[in-house]
Every structure is written in C-alpha cells, then in structure tokens.
Amino acid sequence: MPVQRMVGTNGDDKQVSIKVRALVVDGRVREYVVGRPYEITERLFVVRRVFRVNDALAEDAAPKSQWQRGGWLLVHSLTGSISPVNLSEFDVVYSVSSWHRDYVAYRGASDDGKKRFAIVAQLNRKKPVLKKPHFASPARRRWPGLRLLRARPAAIANPSQL
C-alpha cells in the first residue's frame, strides 16, 4: 500500500511516497516492511522495517500518524521467526545499506552524530569486520564500504589484507 512519509530535518520536511507491505506469518500480519528483501541463505532473509507513529497531541481530535523507517529484521522463512538485526552505530534515518550474503555495508554515525564511519559488518557478530572514519565530500559520493563489498567480498573474511 503506498503511504506518505515525511523526509527532512529542521522544518524543511517534504512528503515522499513509499510502498509499505505487510509481513504475514501463519496468516497474521506480524510487521510492516519497505523495500525488497535480501536473501542471506535459502532459509533466511532480511528486510527493512517500518512502523506507524501517532504524532497527534492529546488535545487533537483526529489521530495524526506518520510512517517511519526502522532497523532491519531477520526472518526465517520455514519457522516464521522474526528477530531484529543489531548493527552497531546504524542510523535508521540516514544509513543506507548494501547487502552481500551475510555481510552488510553501511554508513554509521556516532551517538552524538558528529562522527561518521564506513562500516562492514557480518550478521551474528558483535564487532564490525571493517570500521573506518568516513569524511563526506561533495566530489566523492561513494564510500569505501560499498566499493569493498561489491568488488572483493572474499577480502572481507581477512581484513588484514586491505
């Protein structure tokens, strides 16, 4: 179902249309998701979660809700179990992820939002495989995590060769 989502900060919000799908397990809607699923194995896949937030004040008569993106969900297709994927320093608003098997490359942010990192992580590992400071410049839009993930996925297993 297409819905409107607010994008922007500091009062320059604009509405963008996104397609929200229901994640149905055993005939019940368990979560709402956006984007395409990425296969990790033949039984596991990840998908981006969205949820509806009630943005109305107590004195408002009509409910005012909006959709917001959440983190990633790991879904087991045979058992139907759904669990959140914990990615270190993942920012649900600004991080864009690129998946390759059980590796994910994304741009992370520190807790205070002042530092940015290019991160490559593997599922079920606490520490990222690769974490490098990332300085965004207008001339260079692509960052090393995506290039590394697409060009040399075998090199991720041994980061000392980088």
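Index from 1, following the sequence.
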For residues 71-78, dump all side-chain donor-acceptor pairs below 3.5 Å to protein atoms at least two apart in sequence or in another chain.
unit_1: W72; atom_1: NE1; unit_2: S97; atom_2: OG; d: 3.2
unit_1: H76; atom_1: ND1; unit_2: L78; atom_2: N; d: 3.3
unit_1: H76; atom_1: ND1; unit_2: T79; atom_2: N; d: 3.2
unit_1: H76; atom_1: ND1; unit_2: T79; atom_2: OG1; d: 3.2
unit_1: S77; atom_1: OG; unit_2: R43; atom_2: O; d: 3.0

Practice task
Give the cluster check for V104 versus Y38: same hydrophobic cluster or not, with ILVMFWY residues linked at side-chain heavy-atom distances below 4.5 Å.
Solution key: yes
Fill in the blank from the handout: Scanning both residues in full, the closest heavy-atom pair of P128 with I119 reads CB-CG2, 3.6 Å
Practice task
Check whether any side-chain N or O of S95 sits under 3.5 Å from a backbone N or O of Y106 as a donor-acceptor pair, and report yes or no.
Solution key: no
Exercise for the section: Check whether any side-chain heavy atom of L130 sits under 4.5 Å from a side-chain heavy atom of Y103, and report yes or no. Expected result: no
Exercise for the section: Provide the full list of salt bridge (Lys or Arg N to Asp or Glu O under 4.0 Å) pairs with a residue in residues 70-87, sequence neighbours left out, each pair given once. Expected result: none
Completion exercise
Contacts of D26 meeting side-chain contact (heavy atoms from CB on, under 4.5 Å) (sequence neighbours excluded), chain-then-number -> none
Practice task
Answer yes or no: is there a donor N or O on one side and an acceptor on the other, between the side chain of R21 and the main chain of G35, under 3.5 Å?
Solution key: yes
Handout entry: Closest heavy-atom pair and its distance - V29, A22
Key = CG1-CB, 3.9 Å
Fill in the blank from the handout: Under a side-chain separation threshold of 4.5 Å, the hydrophobic residues clustered together with F51 are V53
Considering only distance and modelled atom types, tabulate donor-acceptor pairs under 3.5 Å from the side chains of residues 83-91, sequence neighbours left out.
unit_1: E89; atom_1: OE1; unit_2: K131; atom_2: NZ; d: 3.2
unit_1: E89; atom_1: OE2; unit_2: K131; atom_2: NZ; d: 3.1
unit_1: D91; atom_1: OD1; unit_2: V93; atom_2: N; d: 3.3

Completion exercise
Sequence neighbours excluded, the answer for salt bridge (Lys or Arg N to Asp or Glu O under 4.0 Å) partners of R48 is none
Exercise for the section: Spell out, yes or no, whether Y32 and F45 are grouped together once hydrophobic residues are joined by side-chain heavy atoms under 4.5 Å, including indirect joins. Expected result: no
Handout entry: Same cluster (ILVMFWY, side-chain, under 4.5 Å), V34 and V47
Key = no
Practice task
First locate atom CG of D102, then atom CG of N124, and finally report the distance between them rounded to the nearest 0.5 Å.
Solution key: 8.0 Å
